[in-house]
Protein chains: 2
Amino acid sequence: MKIGELSRSTDTKVTTIRFYEEIGLLNRPARTASGRRTYTTGDVERLNFVRNGRRLGFSIEEIRSLIALASEPNRDCGEAMTIASCHLAAVEERLEQLTALRDELAVMSRDCDRQRIADCRVIHTIARPVGSPISIGLSPARAGRAMSCEGHATAREASSAASSRLRRSAFRSE
Amino acid sequence: MKIGELSRSTDTKVTTIRFYEEIGLLNRPARTASGRRTYTTGDVERLNFVRNGRRLGFSIEEIRSLIALASEPNRDCGEAMTIASCHLAAVEERLEQLTALRDELAVMSRDCDRQRIADCRVIHTIARPVGSPISIGLSPARAGRAMSCEGHATAREASSAASSRLRRSAFRSE
DNA sequence: CTTGCTTCTACAGTGACTGGAGATTGTAGG
DNA sequence: CCTACAATCTCCAGTCACTGTAGAAGCAAG
(Lines give C-alpha, C1' and ligand atoms only; values in the text may rest on other atoms or scores of the structure.)
Protein backbone atom coordinates (compact mmCIF):
# COMPACT_ATOMS: atom_id res chain seq x y z
CA MET A 1 0.00 0.00 0.00
CA LYS A 2 1.41 3.36 -1.00
CA ILE A 3 0.97 6.63 0.80
CA GLY A 4 -1.92 7.78 -1.37
CA GLU A 5 -3.98 4.72 -0.60
CA LEU A 6 -3.22 5.00 3.12
CA SER A 7 -4.24 8.63 2.86
CA ARG A 8 -7.57 7.72 1.27
CA SER A 9 -8.35 4.83 3.57
CA THR A 10 -7.74 6.82 6.75
CA ASP A 11 -8.96 10.19 5.53
CA THR A 12 -5.60 11.75 6.32
CA LYS A 13 -3.62 14.07 4.09
CA VAL A 14 -0.40 12.75 2.64
CA THR A 15 1.55 15.58 4.20
CA THR A 16 0.05 14.78 7.57
CA ILE A 17 1.14 11.15 7.29
CA ARG A 18 4.67 12.23 6.50
CA PHE A 19 4.50 14.65 9.42
CA TYR A 20 3.42 11.88 11.79
CA GLU A 21 6.31 9.80 10.61
CA GLU A 22 8.76 12.59 11.14
CA ILE A 23 7.69 13.13 14.74
CA GLY A 24 7.74 9.41 15.41
CA LEU A 25 4.01 8.76 15.76
CA LEU A 26 4.18 6.33 12.89
CA ASN A 27 6.95 3.86 12.23
CA ARG A 28 9.21 4.53 9.32
CA PRO A 29 7.79 2.34 6.58
CA ALA A 30 9.71 0.19 4.16
CA ARG A 31 10.56 1.75 0.83
CA THR A 32 10.45 0.57 -2.74
CA ALA A 33 13.63 0.57 -4.79
CA SER A 34 12.81 4.06 -5.95
CA GLY A 35 12.16 5.35 -2.45
CA ARG A 36 8.36 5.29 -2.19
CA ARG A 37 6.89 4.45 1.20
CA THR A 38 5.01 1.16 1.47
CA TYR A 39 2.58 0.51 4.30
CA THR A 40 1.04 -2.55 5.90
CA THR A 41 -2.36 -3.10 7.50
CA GLY A 42 -0.64 -2.62 10.84
CA ASP A 43 0.24 0.89 9.74
CA VAL A 44 -3.40 1.52 8.85
CA GLU A 45 -4.44 0.50 12.35
CA ARG A 46 -1.80 2.64 13.92
CA LEU A 47 -2.80 5.67 11.88
CA ASN A 48 -6.45 5.08 12.72
CA PHE A 49 -5.50 5.06 16.37
CA VAL A 50 -3.73 8.37 15.98
CA ARG A 51 -6.59 9.93 14.01
CA ASN A 52 -9.20 8.77 16.47
CA GLY A 53 -7.10 10.11 19.30
CA ARG A 54 -6.80 13.47 17.60
CA ARG A 55 -10.49 13.53 16.80
CA LEU A 56 -11.14 13.02 20.49
CA GLY A 57 -8.92 15.97 21.21
CA PHE A 58 -5.90 14.22 22.68
CA SER A 59 -2.61 15.95 22.08
CA ILE A 60 0.16 14.33 20.10
CA GLU A 61 2.10 13.68 23.30
CA GLU A 62 -0.92 12.06 24.92
CA ILE A 63 -1.37 9.85 21.89
CA ARG A 64 2.30 8.97 22.03
CA SER A 65 1.79 7.80 25.61
CA LEU A 66 -1.38 5.90 24.74
CA ILE A 67 0.42 4.08 21.93
CA ALA A 68 3.18 3.08 24.29
CA LEU A 69 0.58 1.82 26.78
CA ALA A 70 -1.38 -0.02 24.12
CA SER A 71 1.69 -2.02 23.23
CA GLU A 72 1.86 -3.53 26.72
CA PRO A 73 -1.39 -5.50 26.96
CA ASN A 74 -0.71 -6.91 30.41
CA ARG A 75 -0.13 -3.66 32.16
CA ASP A 76 -2.67 -2.02 34.37
CA CYS A 77 -4.69 0.50 32.43
CA GLY A 78 -4.71 3.05 35.21
CA GLU A 79 -2.43 5.37 33.33
CA ALA A 80 -4.65 5.33 30.26
CA MET A 81 -7.61 6.10 32.49
CA THR A 82 -5.73 8.99 34.02
CA ILE A 83 -4.99 10.50 30.64
CA ALA A 84 -8.57 10.04 29.47
CA SER A 85 -10.33 11.37 32.54
CA CYS A 86 -7.92 14.26 32.78
CA HIS A 87 -8.70 15.13 29.21
CA LEU A 88 -12.39 14.75 29.90
CA ALA A 89 -12.13 17.25 32.72
CA ALA A 90 -10.34 19.69 30.43
CA VAL A 91 -13.02 19.29 27.79
CA GLU A 92 -15.72 19.91 30.34
CA GLU A 93 -14.03 23.06 31.49
CA ARG A 94 -13.77 24.32 27.93
CA LEU A 95 -17.41 23.50 27.41
CA GLU A 96 -18.31 25.74 30.32
CA GLN A 97 -16.15 28.56 29.03
CA LEU A 98 -17.54 28.22 25.55
CA THR A 99 -21.11 28.23 26.84
CA ALA A 100 -20.50 31.42 28.76
CA LEU A 101 -18.95 32.88 25.66
CA ARG A 102 -21.88 31.93 23.49
CA ASP A 103 -24.28 33.57 25.93
CA GLU A 104 -22.31 36.77 25.91
CA LEU A 105 -22.15 36.81 22.12
CA ALA A 106 -25.85 36.01 21.86
CA VAL A 107 -26.77 38.90 24.13
CA MET A 108 -24.70 41.39 22.23
CA SER A 109 -26.09 40.27 18.89
CA ARG A 110 -29.65 40.22 20.14
CA ASP A 111 -29.60 43.65 21.73
CA CYS A 112 -28.12 45.53 18.83
CA ASP A 113 -30.67 47.69 17.08
CA ARG A 114 -28.71 47.75 13.83
CA GLN A 115 -28.40 51.49 13.56
CA ARG A 116 -25.28 53.58 13.76
CA ILE A 117 -21.92 52.28 14.95
CA ALA A 118 -22.08 54.88 17.71
CA ASP A 119 -24.98 52.97 19.27
CA CYS A 120 -23.93 49.50 18.23
CA ARG A 121 -24.27 47.04 21.05
CA VAL A 122 -21.54 44.82 19.67
CA ILE A 123 -18.97 47.59 19.58
CA HIS A 124 -20.01 48.88 22.99
CA THR A 125 -19.81 45.49 24.60
CA ILE A 126 -16.30 44.94 23.36
CA ALA A 127 -15.25 48.46 24.21
CA ARG A 128 -16.26 48.31 27.87
CA PRO A 129 -13.43 48.17 30.44
CA VAL A 130 -11.93 44.81 31.13
CA GLY A 131 -14.88 43.37 32.90
CA SER A 132 -16.12 39.94 33.80
CA PRO A 133 -13.72 37.34 35.09
CA ILE A 134 -14.34 34.91 32.24
CA SER A 135 -10.88 34.14 30.99
CA ILE A 136 -10.90 31.78 28.10
CA GLY A 137 -8.31 29.71 26.33
CA LEU A 138 -10.36 29.37 23.20
CA SER A 139 -8.43 29.31 20.01
CA PRO A 140 -10.70 31.30 17.76
CA ALA A 141 -11.84 31.37 14.22
CA ARG A 142 -10.09 28.25 13.02
CA ALA A 143 -13.53 27.77 11.51
CA GLY A 144 -12.45 25.75 8.51
CA ARG A 145 -14.86 24.15 6.15
CA ALA A 146 -18.20 24.37 7.88
CA MET A 147 -18.53 28.11 8.19
CA SER A 148 -18.99 30.69 5.51
CA CYS A 149 -17.50 33.46 7.58
CA GLU A 150 -14.64 34.24 5.25
CA GLY A 151 -13.98 37.64 3.88
CA HIS A 152 -15.44 39.89 6.52
CA ALA A 153 -12.26 40.54 8.35
CA THR A 154 -9.74 40.18 5.59
CA ALA A 155 -11.68 41.89 2.85
CA ARG A 156 -11.17 45.47 3.91
CA GLU A 157 -7.63 46.41 3.03
CA ALA A 158 -5.51 43.90 4.86
CA SER A 159 -5.72 41.89 1.68
CA SER A 160 -2.01 42.25 1.18
CA ALA A 161 -1.20 40.48 4.44
CA ALA A 162 1.00 38.49 2.18
CA SER A 163 4.02 36.89 3.66
CA SER A 164 5.89 38.10 6.68
CA ARG A 165 4.10 39.19 9.79
CA LEU A 166 6.69 41.90 10.14
CA ARG A 167 5.39 43.47 7.00
CA ARG A 168 1.90 43.75 8.41
CA SER A 169 2.65 47.07 10.05
CA ALA A 170 0.49 48.85 7.50
CA PHE A 171 -1.33 49.91 10.61
CA ARG A 172 -3.93 52.59 10.68
CA SER A 173 -4.48 54.81 13.66
CA GLU A 174 -7.89 56.04 14.64
CA MET B 1 2.15 55.53 31.69
CA LYS B 2 4.88 53.03 30.93
CA ILE B 3 4.42 49.58 29.50
CA GLY B 4 4.51 47.84 32.87
CA GLU B 5 1.63 49.89 34.20
CA LEU B 6 -0.40 49.34 31.03
CA SER B 7 0.35 45.66 31.39
CA ARG B 8 -0.94 45.60 34.96
CA SER B 9 -4.01 47.71 34.31
CA THR B 10 -5.17 45.62 31.37
CA ASP B 11 -3.94 42.24 32.60
CA THR B 12 -1.86 41.81 29.47
CA LYS B 13 1.72 40.62 29.33
CA VAL B 14 4.32 43.14 28.28
CA THR B 15 5.44 40.94 25.41
CA THR B 16 1.87 40.70 24.21
CA ILE B 17 1.53 44.47 24.17
CA ARG B 18 4.67 44.78 22.08
CA PHE B 19 3.35 42.04 19.81
CA TYR B 20 0.08 43.91 19.31
CA GLU B 21 2.03 47.01 18.42
CA GLU B 22 4.15 45.13 15.91
CA ILE B 23 1.14 43.77 14.06
CA GLY B 24 -0.55 47.16 14.10
CA LEU B 25 -3.37 46.45 16.55
CA LEU B 26 -2.07 49.18 18.83
CA ASN B 27 -0.72 52.50 17.69
CA ARG B 28 2.99 53.05 18.06
CA PRO B 29 3.26 55.00 21.30
CA ALA B 30 5.43 58.01 21.97
CA ARG B 31 8.83 57.31 23.48
CA THR B 32 10.85 58.89 26.22
CA ALA B 33 14.30 60.27 25.44
CA SER B 34 15.78 56.90 26.34
CA GLY B 35 13.36 55.00 24.15
CA ARG B 36 10.74 53.74 26.61
CA ARG B 37 7.16 53.53 25.38
CA THR B 38 4.67 55.91 26.98
CA TYR B 39 0.95 55.30 26.81
CA THR B 40 -2.18 57.41 27.20
CA THR B 41 -5.63 56.54 28.53
CA GLY B 42 -6.71 56.18 24.91
CA ASP B 43 -4.22 53.38 24.56
CA VAL B 44 -5.67 51.70 27.63
CA GLU B 45 -9.12 51.79 26.04
CA ARG B 46 -7.83 50.45 22.79
CA LEU B 47 -6.01 47.60 24.47
CA ASN B 48 -9.10 46.78 26.52
CA PHE B 49 -11.05 46.60 23.28
CA VAL B 50 -8.54 44.18 21.87
CA ARG B 51 -8.45 42.06 25.00
CA ASN B 52 -12.21 41.88 25.26
CA GLY B 53 -12.41 40.94 21.63
CA ARG B 54 -9.90 38.16 22.13
CA ARG B 55 -11.65 36.97 25.26
CA LEU B 56 -14.81 36.71 23.18
CA GLY B 57 -12.90 34.59 20.72
CA PHE B 58 -12.62 37.03 17.81
CA SER B 59 -9.54 36.62 15.68
CA ILE B 60 -6.95 39.33 15.37
CA GLU B 61 -8.18 40.15 11.88
CA GLU B 62 -11.77 40.40 13.07
CA ILE B 63 -10.67 42.74 15.84
CA ARG B 64 -8.75 44.77 13.31
CA SER B 65 -11.97 45.19 11.34
CA LEU B 66 -14.00 45.99 14.43
CA ILE B 67 -11.51 48.69 15.42
CA ALA B 68 -11.76 50.22 11.97
CA LEU B 69 -15.55 50.15 12.22
CA ALA B 70 -15.56 51.59 15.72
CA SER B 71 -13.68 54.63 14.48
CA GLU B 72 -16.51 55.60 12.15
CA PRO B 73 -19.40 56.33 14.54
CA ASN B 74 -21.85 57.37 11.84
CA ARG B 75 -21.61 54.28 9.73
CA ASP B 76 -24.19 51.60 9.73
CA CYS B 77 -23.26 48.84 12.14
CA GLY B 78 -24.38 46.05 9.86
CA GLU B 79 -20.86 44.94 9.22
CA ALA B 80 -20.12 44.66 12.93
CA MET B 81 -23.29 42.66 13.34
CA THR B 82 -22.22 40.36 10.53
CA ILE B 83 -18.87 39.69 12.16
CA ALA B 84 -20.47 39.08 15.54
CA SER B 85 -23.28 36.82 14.44
CA CYS B 86 -21.00 34.89 12.16
CA HIS B 87 -18.68 34.33 15.07
CA LEU B 88 -21.62 33.35 17.24
CA ALA B 89 -22.60 30.71 14.71
CA ALA B 90 -19.04 29.37 14.70
CA VAL B 91 -19.02 29.21 18.50
CA GLU B 92 -22.32 27.37 18.52
CA GLU B 93 -21.00 24.84 16.08
CA ARG B 94 -17.92 24.26 18.18
CA LEU B 95 -20.13 23.88 21.22
CA GLU B 96 -21.98 21.08 19.52
CA GLN B 97 -18.80 19.35 18.50
CA LEU B 98 -17.35 19.71 21.96
CA THR B 99 -20.50 18.33 23.55
CA ALA B 100 -20.40 15.26 21.32
CA LEU B 101 -16.75 14.86 22.19
CA ARG B 102 -17.42 15.08 25.89
CA ASP B 103 -20.10 12.42 25.65
CA GLU B 104 -17.77 10.09 23.83
CA LEU B 105 -15.01 10.63 26.35
CA ALA B 106 -17.42 10.19 29.22
CA VAL B 107 -18.62 6.86 27.88
CA MET B 108 -15.14 5.50 27.41
CA SER B 109 -14.06 6.57 30.87
CA ARG B 110 -17.20 5.25 32.51
CA ASP B 111 -17.12 1.84 30.88
CA CYS B 112 -13.53 1.01 31.59
CA ASP B 113 -13.19 -1.62 34.29
CA ARG B 114 -9.67 -0.56 35.19
CA GLN B 115 -8.03 -3.90 34.66
CA ARG B 116 -5.48 -4.82 32.03
CA ILE B 117 -4.65 -2.66 29.03
CA ALA B 118 -5.80 -5.54 26.82
CA ASP B 119 -9.36 -4.96 28.05
CA CYS B 120 -9.13 -1.20 28.53
CA ARG B 121 -12.16 0.54 27.13
CA VAL B 122 -10.22 3.73 26.51
CA ILE B 123 -7.61 2.03 24.38
CA HIS B 124 -10.19 -0.01 22.52
CA THR B 125 -12.34 2.97 21.75
CA ILE B 126 -9.43 4.84 20.24
CA ALA B 127 -8.19 1.80 18.38
CA ARG B 128 -11.42 1.09 16.54
CA PRO B 129 -11.49 1.81 12.78
CA VAL B 130 -12.13 5.35 11.75
CA GLY B 131 -15.73 5.49 12.81
CA SER B 132 -18.24 8.19 13.51
CA PRO B 133 -18.39 11.24 11.28
CA ILE B 134 -17.65 13.70 14.06
CA SER B 135 -14.83 15.76 12.69
CA ILE B 136 -13.64 18.37 15.10
CA GLY B 137 -11.41 21.36 14.86
CA LEU B 138 -10.66 21.43 18.55
CA SER B 139 -7.20 22.51 19.43
CA PRO B 140 -6.47 20.28 22.35
CA ALA B 141 -4.71 20.37 25.63
CA ARG B 142 -3.85 24.02 25.63
CA ALA B 143 -5.21 23.59 29.14
CA GLY B 144 -3.01 26.21 30.76
CA ARG B 145 -3.45 27.22 34.32
CA ALA B 146 -6.70 25.65 35.38
CA MET B 147 -5.87 22.00 34.84
CA SER B 148 -3.43 19.79 36.66
CA CYS B 149 -3.01 17.43 33.77
CA GLU B 150 0.71 17.99 33.30
CA GLY B 151 3.22 15.22 33.28
CA HIS B 152 1.20 12.27 32.11
CA ALA B 153 2.18 12.48 28.51
CA THR B 154 5.59 14.06 28.77
CA ALA B 155 6.84 12.17 31.80
CA ARG B 156 7.60 8.86 30.16
CA GLU B 157 10.75 9.33 28.15
CA ALA B 158 9.96 12.13 25.80
CA SER B 159 11.40 14.38 28.48
CA SER B 160 14.22 15.35 26.17
CA ALA B 161 11.88 16.80 23.58
CA ALA B 162 14.25 19.66 23.82
CA SER B 163 14.54 22.00 20.90
CA SER B 164 14.04 21.11 17.30
CA ARG B 165 11.10 19.05 16.22
CA LEU B 166 13.40 17.37 13.75
CA ARG B 167 15.33 15.91 16.61
CA ARG B 168 12.23 14.28 18.04
CA SER B 169 12.67 11.20 15.91
CA ALA B 170 13.67 9.16 18.95
CA PHE B 171 10.70 7.11 17.92
CA ARG B 172 9.89 3.74 19.32
CA SER B 173 8.20 1.06 17.31
CA GLU B 174 5.79 -1.41 18.82
C1' DC C 1 28.43 52.53 43.64
C1' DT C 2 25.94 48.69 43.59
C1' DT C 3 21.85 46.12 43.52
C1' DG C 4 17.85 44.91 41.46
C1' DC C 5 13.98 46.09 38.75
C1' DT C 6 12.12 47.54 34.29
C1' DT C 7 12.57 48.12 29.69
C1' DC C 8 14.71 47.65 25.18
C1' DT C 9 15.62 44.84 20.54
C1' DA C 10 15.85 40.73 18.03
C1' DC C 11 14.76 36.33 17.32
C1' DA C 12 13.49 31.46 18.19
C1' DG C 13 9.89 28.31 19.92
C1' DT C 14 5.09 26.41 20.58
C1' DG C 15 1.26 22.80 18.40
C1' DA C 16 -0.40 20.50 14.70
C1' DC C 17 -0.32 20.67 10.78
C1' DT C 18 -0.47 22.90 5.62
C1' DG C 19 1.37 24.40 1.37
C1' DG C 20 4.72 25.20 -2.18
C1' DA C 21 9.01 24.53 -5.06
C1' DG C 22 11.42 21.65 -7.76
C1' DA C 23 12.83 17.03 -8.80
C1' DT C 24 11.90 12.24 -9.80
C1' DT C 25 9.11 8.06 -10.79
C1' DG C 26 5.22 5.48 -12.57
C1' DT C 27 1.66 4.77 -15.87
C1' DA C 28 -1.52 5.29 -19.77
C1' DG C 29 -2.39 6.71 -24.35
C1' DG C 30 -0.91 7.79 -29.01
C1' DC D 1 9.30 5.36 -28.01
C1' DC D 2 7.45 9.81 -26.76
C1' DT D 3 4.54 12.64 -24.19
C1' DA D 4 1.33 13.91 -20.62
C1' DC D 5 -0.02 13.68 -16.31
C1' DA D 6 -0.45 11.82 -11.71
C1' DA D 7 1.85 10.42 -7.64
C1' DT D 8 5.54 10.70 -4.88
C1' DC D 9 9.89 12.48 -3.05
C1' DT D 10 12.71 16.08 0.01
C1' DC D 11 13.19 20.43 2.00
C1' DC D 12 11.59 24.34 3.97
C1' DA D 13 8.58 28.24 5.06
C1' DG D 14 4.02 29.69 6.68
C1' DT D 15 -0.06 29.61 9.85
C1' DC D 16 -2.13 31.71 14.64
C1' DA D 17 -1.51 34.15 18.73
C1' DC D 18 1.31 34.58 21.42
C1' DT D 19 5.56 33.27 24.85
C1' DG D 20 10.18 33.10 26.19
C1' DT D 21 15.06 34.00 25.92
C1' DA D 22 19.58 36.59 25.54
C1' DG D 23 22.05 40.36 26.21
C1' DA D 24 22.20 45.26 26.70
C1' DA D 25 20.73 49.53 28.60
C1' DG D 26 18.18 52.70 31.81
C1' DC D 27 16.47 54.00 36.35
C1' DA D 28 15.57 54.45 41.44
C1' DA D 29 16.74 53.32 46.12
C1' DG D 30 20.03 52.18 49.69
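Residue numbers begin at 1 in each chain, while the letters A, B, ... track the order of the sequences. Excluded from the calculations below are hydrogen atoms, water molecules and symmetry mates; all remaining heavy atoms, backbone and side chain alike, are included.
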Task: Given C/dT18, C/dA16, C/dC8, the nucleotide with the shortest approach to the side chain of A/Lys13 - done: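 Nearest nucleotide to the side chain: C/dT18.
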- [ ] Go through C/dT18, C/dA16, D/dA17 for me and flag the one nearest to the A/Thr16 side chain.
- [x]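 The answer is C/dT18.
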- [ ] Kindly write out the residues that satisfy salt bridge (charged side-chain N to carboxylate O under 4.0 Å, His left out) with B/Arg18, not counting sequence neighbours, or none if the list is empty.
- [x]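 In terms of salt bridge (charged side-chain N to carboxylate O under 4.0 Å, His left out), with neighbours along the sequence ignored, B/Arg18 is linked to no residue.
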Open item on the list: Would you say that A/Leu69 contacts A/Cys77 through its side chain, given a criterion of any heavy-atom pair below 4.5 Å between the two side chains?
Closed with: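 They are not in contact (no side-chain heavy atoms under 4.5 Å apart), so the answer is no.
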TODO: Could you tell me whether the side chain of A/Asp76 reaches within less than 4.5 Å of the side chain of B/Arg116, counting heavy atoms only?
DONE: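 No, their side chains stay 4.5 Å or more apart.
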Nucleotide [N], atom [atom2] - distance to [atom1] of [X] in whole Å:
{"X": "A/Glu61", "N": "C/dG13", "atom1": "CD", "atom2": "C1'", "answer": "15 Å"}
{"X": "B/Arg55", "N": "D/dC18", "atom1": "CZ", "atom2": "C1'", "answer": "18 Å"}
{"X": "B/Ile3", "N": "C/dC5", "atom1": "CD1", "atom2": "P", "answer": "19 Å"}
{"X": "A/Ile63", "N": "C/dA16", "atom1": "CD1", "atom2": "P", "answer": "8 Å"}
{"X": "B/Leu47", "N": "D/dC18", "atom1": "CG", "atom2": "C1'", "answer": "14 Å"}
{"X": "B/Glu22", "N": "D/dT19", "atom1": "CD", "atom2": "P", "answer": "14 Å"}
{"X": "B/Phe58", "N": "D/dA17", "atom1": "CZ", "atom2": "P", "answer": "13 Å"}
{"X": "B/Phe19", "N": "D/dT21", "atom1": "CZ", "atom2": "P", "answer": "18 Å"}

Task: Residues B/Arg64, B/Glu61: salt bridge by 4.0 Å N-O rule - done: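 Between B/Glu61 and B/Arg64 there is a salt bridge, with a charged N closer than 4.0 Å to a carboxylate O.
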Task: Charged N-O contact under 4.0 Å between B/Glu96 and A/Arg102 - done: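 A salt bridge is absent here (no side-chain N lies under 4.0 Å from a carboxylate O).
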- [ ] Look at all strands and tell whether A/Arg37 reaches a base, only sugar-phosphate, or nothing, counting heavy atoms closer than 4.0 Å.
- [x]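 Sugar-phosphate: the residue A/Arg37, judged by heavy atoms under 4.0 Å, touches backbone atoms but no base.
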TODO: Would you check if there is a donor-acceptor pair between the side chains of B/Arg51 and B/Thr10 at a distance under 3.5 Å?
DONE: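 No, no side-chain donor-acceptor contact under 3.5 Å.
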Open item on the list: Go nucleotide by nucleotide along DNA chain C from the 5' end; which of B/Arg18 and A/Tyr20 gets its closest nucleotide reached first?
Closed with: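 Looking at the nearest nucleotide for each, B/Arg18 comes out on the 5' side.
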Open item on the list: Judged by each residue's nearest nucleotide on DNA chain C, which is more toward the 5′ side, B/Thr15 or A/Thr15?
Closed with: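 Counting from the 5' end, the first nearest nucleotide belongs to B/Thr15.
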Task: Heavy-atom protein contacts under 4.0 Å, nucleotides 23-30 of chain D, coded B base, S sugar-phosphate only, - none - done: --BBS---
Task: Closest non-hydrogen atom pair between B/Tyr39 and B/Arg37, with its separation - done: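 Heavy atoms only, the tightest pair is OH-CD, 3.1 Å.
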